[in-house]
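All values below were derived from every heavy atom in this structure, side-chain atoms included, with hydrogens, water molecules and symmetry-related copies excluded. Below, read A as the first sequence line, B as the second, and so on, with proteins coming before strands; counting in each chain starts at 1.
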Amino acid sequence: MIFNAVFLALRQISRNYLRAFLTMLGVIIGVGAVIIMINLGNGTQAMIKEAIESLGSNLLMIHAPPHLNPSGTTKSRYFTMKEVETIEERVAGIKAVAPVNAGSAVAKYMNKNVQTSVQGVTDGFFTAVDWKTAEGRSFENKEYVAGTNTCIIGESVRKNLLGDTPAIGIRLKVGSVVCEVVGVLESKGQGGRGNDQDDIILMPLKAFQRSIRPNNSIYNITMIMVSLNEDVDYKAASEQIAVMLRHMRNITDKTKDTFEIQSTKEIQQTVEKSIGSMTAFIGAVAGVSLLVGGIGIMNIMLVSVTERTREIGTRLAIGALEKEVLLQFLVESATISAVGGLIGIVFGFFMTLLLSAKLHIPFTFDVKTATVSFVFSGLIGIIFGYLPARKASRLNPIDALHHE
Amino acid sequence: MSDFIKLRNIVKVYGSGENSFLALKGIDLDINVGEFVALMGPSGSGKSTMANILGCLDKATKGSYFFNGVDVFSLNRNETALLRRNYIGFIFQGFNLLARTTALENVELPLLYRGVPKKQRHERARQALDMVGLLEWGKHTSAQLSGGQQQRVAIARAIASNPLFLLADEPTGNLDTKRSVEIMEILSNLNKQLGITILMVTHEPDMAQYASREVHFRDGEINTAEAVLR
Ligand SMILES: Nc1ncnc2c1ncn2[C@@H]1O[C@H](COP(=O)(O)OP(=O)(O)OP(=O)(O)O)[C@@H](O)[C@H]1O
Ligand SMILES: [Mg+2]
């Protein structure tokens with residue numbers, strides 16, 4: 001009897017591939033959509049996490065946003081070396097302090113030139129942002145002290161300016177000075193804002209201050225990065241620094257601060273929170289598409305069984321038992337659902353692969369999602385193939401035959 | 001063998017309450033083995049209702065039906081299905097062939113449910129198709145056959161399982177005279193050569209000529225005055 005049912009079911013599917021395909025379509029779309037959405041969502045989250053982590057794990061960034069002067073103009077009040085040293089001396093649990101002076105300049109080599117970001121840094125920079133050279137070396141202490149015109153270039157600068165020419169030892173013109181390349185940074189890729197972090201040239205801070213942005217003012221540091229040990233409370237450290245800076249800058253009113261302190265930990269926590277709500281949102285959307293797919297399957301199944309009530313009547317009239325008819329429909333809908341589910345998984349897999357490549361999202365494939373959506377759609381297909389068939393096969397043969 | 005089919009006081013009510021309709025008003029009918037009965041009467045007189053009950057496709061509201069000594073109305077659904085499967089062939093007015101299915105496969109279907117092995121099933125289905133003159137058409141689906149051919153496939157399907165009793169509800173209803181005569185020849189042969197008992201519903205006196213007895217219905221009752229025995 002089982003053999004007969006399987007035979008009849010497969011034969012019936014083969015009689016109408018279009019109907020079988022339409023039924024499968026709901027399963028394919030339900031399963032495929034869920035797989036694509038969940039996996040792209042997971043990939044995006046992984047990407048955002050990685051971008052944030054590339055900032056360094058417990059880092060304070062002290063900026064000088066433009067503020068209103070008493071004279072009515074807006075201007076940034078940058079930082080002094082004295083302020084940097086005070087922070088370094090007084091705050092406990094510091095791994096490294098990195099004063100940075102940043103600007104942009106045109107870099108030239110032979111007949112090529114590119115506009116790029118140039119930053120004057122000290123030794124602390126490399127610790128603070130956890131960055132190493134892939135080729136060559138870092139700056140030596142005497143270079144920081146003397147402010148020699150040497151530079152370390154980012155991967156994008158190397159590629160765009162030098163191409164295949166070996167980088168170490170080459171002399172670039174940066175702004176108006178000639179500077180020798182001593183190292184190439186390892187590639188960091190895209191930053192959190194989609195910016196190219198490898199489009200950069202580093203120079204010793206003193207060399208930058210003298211050659212790129214000559215400035216006699218003592219306020220010649222645009223940003224201070226403070227890398228804290230992992231166990232240090234960033235809130236307390238940040239508050240301590242704020243109090244110190246206000247004191248040194250004679251600020252009595254918090255709202256008139258001429259500086260701003262950001263914490264990567266804080267940013268991380270904010271982003272993690274929004275990632276959490278994003279996960280919930282994607283889950284909800286996936287749930288809805290699974291439901292829509294399920295309703296699609298349900299509809300097609302109901303329509304096709306109604307259509308087939310006469311067929312059921314004919315089978316009953318020539319002596320098929322109720323359970324034989326049911327078994328046939330069960331095998332039919334299970335086969336269609338299973339094949340549809342498998343196609344949906346394959347479709348979802350390749351669409352995820354394609355879309356993640358197109359959208360520059362890391363590819364992930366979650367087996368649990370695939371399994372859950374497969375089982376869910378499959379069950380809907382089976383249940384809604386089975387229930388109407390059961391209803392029809394319980395009719396008097398004559399009523400099933402006369403079904404409109 | 002006078003008690004092959006024995007109907008007593010068969011009442012059939014359609015619907016219930018206000019809308020109920022009394023389609024059969026207490027029918028008594030006996031059919032002997034080897035008879036070819038033509039069931040006649042005006043439209044709405046209850047012929048199809050009677051045929052469906054005789055074919056075990058529907059149950060009467062009241063009365064008793066003995067088929068070959070078996071009390072049909074006491075059987076459960078499965079037992080009734082097995083009775084249809086093993087002893088009764090039914091030819092429907094609307095053919096009721098399965099769509100997208102070849103003539104041969106349609107004829108094989110009752111044998112398949114009987115569990116006849118593939119080779120034998122094939123052989124018997126071909127024999128049945130041969131009897132209705134459609135051996136060459138076995139591979140055609142219903143859509144590729146004419147109305148007369150479809151009706152002959154339906155007959156082949158009904159006789160493939162060697163039923164004791166063959167029911168035909170207006171088997172020539174949709175056919176022209178020439179095709180109708182062909183069908184009647186086939187039924188007549190089945191009755192005479194294989195000894196199959198036949199009940200045929202018709203309202204064409206020409207077709208009733210082939211039967212050995214005519215039973216006339218009027219308003220859910222048998223009109224004995226019109227009965228004919230040949
Ligand atoms: N399923 C049903 N529900 C309600 N009434 C029905 C049903 N089937 C038949 N009837 C009624 O029962 C009566 C007898 O119907 P039946 O089909 O037996 O007539 P018939 O003699 O076969 O007529 P015809 O020659 O037109 O086929 C008709 O009045 C019909 O309206
Ligand atoms: Mg009728």
**Asked** Would you call B/Lys12 and B/Asp58 a salt bridge, taking side-chain N to carboxylate O under 4.0 Å as the test?
**Response**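 Yes, charged N to carboxylate O under 4.0 Å.
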**Prompt:** Do the charged groups of A/Glu311 and A/Arg315 touch, with an N to O distance under 4.0 Å?
**Reply:**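 A salt bridge is present here (some side-chain N lies under 4.0 Å from a carboxylate O).
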**Request:** Select, from B/Leu82, B/Thr141, B/Leu97, B/Leu109, the one with the greatest count of heavy-atom pairs under 4.5 Å involving chain A.
**Result:**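 Top count of heavy-atom pairs under 4.5 Å with chain A: B/Leu109.
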**Message:** Given heavy-atom pairs under 4.5 angstrom as the criterion, report whether the side chain, backbone, both or neither of A/Phe3 touches chain B.
**Reply:**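 For A/Phe3, no heavy atom lies under 4.5 Å from chain B.
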**Asked** Between A/Phe349 and A/Phe365, what is the ring plane arrangement, given parallel below 30°, perpendicular above 60°, and tilted in between?
**Response** perpendicular
**Request:** Evaluate the ring planes of B/Phe67 and B/Phe4, with Trp represented by its six-membered ring, and classify them as parallel (under 30°), tilted (30 to 60°) or perpendicular (over 60°).
**Result:** tilted
Using non-hydrogen atoms and a 4.5 Å limit, figure out which bit of [X] sits close to chain A: side chain, backbone, both or neither.
X: B/Arg114; answer: neither
X: B/Thr80; answer: neither
X: B/Ala158; answer: neither
X: B/Leu98; answer: side chain
X: B/Asn52; answer: side chain

**Prompt:** Between B/Thr49 and B/Tyr14, is a side chain to side chain donor-acceptor pair (under 3.5 Å) present by the stated rule, with each step listed?
**Reply:** CA-CA 10 Å; B/Thr49 306; B/Tyr14 284 117; 3.2 Å; yes
**Request:** Determine whether B/Val107 and B/Leu134 make a side-chain contact, defined as any pair of heavy atoms from C-beta on separated by less than 4.5 Å.
**Result:**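 Side chain of B/Val107 against side chain of B/Leu134, heavy atoms only: no contact under 4.5 Å found.
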**Request:** Return the option, out of A/Leu321, A/Leu316, A/Leu8, A/Asp399, with the maximum number of heavy-atom pairs under 4.5 Å with chain B.
**Result:** A/Leu321
